[in-house]
Amino acid sequence: MRQFIEGLPKVELHLHIEGTLEPELMFELANRNGIEIPYSSPQQIRQAYQFHNLQSFLDIYYQGANVLITEQDFFDLTWAYLQKCQQDNVLHTEIFFDPQTHTNRGIAFATVVNGIHRALQKGQQELAISSHLIMCFLRHLSQQSALETLQQALPHKDKIIGVGLDSSELGNPPQKFAQVFQQAIKEGFLTVAHAGEEGPSSHIQDAMTLLGVSRIDHGVRCVDDPKLMQILQVLKMPLTVCPLSNIKLKVFDSMQEHNVVELLHQGLCVTINSDDPAYFGGYMTDNFHQIALTHPIESKELAQFTRNAIDASFASDDRKQDLIRHLEGYLVQCIQ
Ligand code: HPA
Ligand code: ZN
């Protein structure tokens with residue numbers, strides 16, 4: 001099964017680039033930039049990654065991002081992630097970045113976006129990995145700050161396909177950002193939002209009606225509302241589910257109790273993703289594998305996660321056709 005999963009063509013739709021900062025690179029960048037970090041080795045950093053909820057993770061995650069200073073740092077971070085994509089056979093990826101985490105420390109918006117974008121171009125040319133970039137607003141900050149961030153993004157429209165919403169969900173509902181999302185849609189951006197991870201299922205409904213989202217990030221709390229489940233089925237609203245993340249942040253008590261396979265069986269457009277792999281202990285193959293180890297699931301159902309992700313992606317129709325051809329080719333080759 002592991003071998004099937006390793007070779008399975010994959011599409012990632014929920015990945016925070018700051019969450020791919022491995023302890024070794026964090027150390028290297030801290031040294032390169034003369035930044036103090038409260039750890040004496042990469043092992044000590046890994047030991048600190050014990051989380052009891054979303055907020056306890058976010059506190060450590062924002063601290064880790066302090067080592068990212070120059071355009072080259074953002075390039076190196078993104079290039080390291082793309083190499084993981086190549087290992088895991090991820091053929092297309094849609095990447096979140098959090099500009100406010102950096103601009104609030106005095107790093108220019110252009111430094112962040114240009115470093116990431118340059119690595120994505122190289123990934124397309126040298127690794128044939130297609131990609132898009134989605135800028136997230138931090139929901140613990142004000143809508144005014146999000147509106148200012150949207151203004152900063154306008155000169156970089158050609159590099160950013162959409163906007164999203166992440167950070168602390170509890171106490172920061174979708175309606176807090178209704179105006180900035182309306183503005184973003186007017187400017188031609190697609191929209192997505194984290195909802196129903198730690199927060200209630202009503203956040204999923206509100207993200208659809210108030211923020212006009214094309215996908216829900218996480219969304220696993222949808223099971224609390226049978227009517228919402230029906231709406232998600234009818235609309236084929238994609239949920240970008242992140243199994244290892246959900247276990248590390250205690251959204252579910254164990255992988256056996258994770259509901260992504262149940263959601264798949266109920267006909268929802270669910271996908272598997274890695275969220276913040278350097279912090280949660282695994283990239284795409286590991287996330288697929290953990291689900292396969294703990295649930296009765298067939299190969300064709302694992303492939304369905306990729307089919308759903310192709311459908312749900314912001315790739316062009318031509319690229320989607322291409323990705324389907326890769327997937328079908330692989331499945332045929334596995335039967336022979
Ligand atoms: N939830 C909310 N905000 C985040 C996450 C997440 O899983 N990862 C990075 N920022
Ligand atoms: Zn996330």
Side-chain angles (χ1 to χ4, degrees), residues 11-22 26 49-66 68 77-78 81 93-102 104 112 116 132-141 145-146 149 162-174 176-177 191-201 203-204 206-207 211 213-222 238-252 258-260 270-284 286-287 290 309 312:
V11 165
E12 174 138 73
L13 302 178
H14 186 157
L15 180 283
H16 303 261
I17 199 64
E18 294 89 349
T20 68
L21 180 59
E22 290 287 347
M26 194 189 293
Y49 292 172
Q50 312 286 342
F51 314 117
H52 51 273
N53 58 16
L54 174 58
Q55 193 58 51
S56 62
F57 155 69
L58 290 171
D59 293 342
I60 285 190
Y61 162 80
Y62 294 135
Q63 188 188 57
N66 285 338
L68 297 160
L77 175 72
T78 308
Y81 163 66
T93 179
E94 299 187 1
I95 298 179
F96 296 133
F97 73 114
D98 289 339
Q100 289 152 300
T101 299
H102 313 297
N104 287 351
V112 180
I116 299 170
H132 285 302
L133 203 45
I134 299 170
M135 152 178 108
C136 280
F137 302 121
L138 297 180
R139 69 203 301 162
H140 66 275
L141 300 179
S145 174
T149 304
V163 304
L165 189 62
D166 65 4
S167 189
S168 324
E169 188 181 2
L170 291 170
N172 296 296
K176 180 175 165 187
F177 296 93
T191 65
V192 299
H194 284 52
E197 177 189 17
E198 263 193 357
S201 57
H203 283 185
I204 301 173
D206 290 344
L211 309 183
V213 296
S214 305
R215 302 193 292 250
I216 295 287
D217 297 312
H218 294 295
V220 290
R221 292 266 48 91
C222 64
L239 306 183
T240 64
V241 177
C242 308
L244 278 168
S245 164
N246 292 156
I247 303 310
K248 291 281 188 220
L249 303 187
K250 313 267 192 261
V251 173
F252 296 93
H258 201 287
N259 66 9
V260 70
V270 281
T271 68
I272 287 185
N273 309 272
S274 71
D275 207 5
D276 301 284
Y279 291 86
F280 300 148
Y283 288 76
M284 283 290 271
D286 297 317
N287 274 275
Q290 284 303 314

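When a ligand or atom number is given, it counts from 1 through the structure's own listing order.
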## Note on the structure
With heavy atoms and a 4.0 Å threshold, my read on which part of E197 contacts ligand 1 is side chain
### Query
If you take all heavy atoms of H203 and A195, which pair is closest and at what distance?
O-CB, 3.6 Å
### Task
Sort by chain and number the protein N/O/S atoms that are closer than 2.8 Å to the Zn ion (ligand 2), and list them.
H14 NE2, H16 NE2, H194 NE2, D275 OD1
#### Entry: Which atom of L244 lies closest to which atom of F280, heavy atoms considered
CB-O, 3.9 Å
### Query
Below 6.0 angstrom between ring centroids: does that apply to Y61 and Y279?
yes
### Task
For ligand 1, find out whether one of its N or O atoms is nearer than 3.5 Å to an N or O atom of H14.
no
### Summary
Within the 4.0 Å heavy-atom cut-off, what D98 brings close to ligand 1 is neither
### Query
Is there a donor-acceptor pair under 3.5 Å between the side chain of E18 and the backbone N or O of A65?
no
#### Entry: Part of F57 within contact of ligand 1 (heavy atoms, under 4.0 Å)
side chain
### Message
I'd like to check whether S167 has a polar contact with ligand 1, where a contact means an N/O of the residue lying under 3.5 Å from an N/O of the ligand.
### Response
yes
### Query
Any side-chain donor paired with an acceptor under 3.5 Å for Q290 and D286?
no
### Task
Can you label the angle between the H14 ring and the H218 ring as parallel, tilted or perpendicular, going by 30° and 60°?
perpendicular
### Query
Under 3.5 Å, N or O to N or O, is H218 touching ligand 1 that way?
yes
### Message
So which atom in S145 and which in Q100 form the shortest heavy-atom distance, rounded to 0.1 Å?
### Response
OG-NE2, 2.9 Å
### Message
Using a 3.5 Å distance criterion without hydrogens, assess whether the side chain of S168 forms a donor-acceptor pair with backbone atoms of H140.
### Response
no
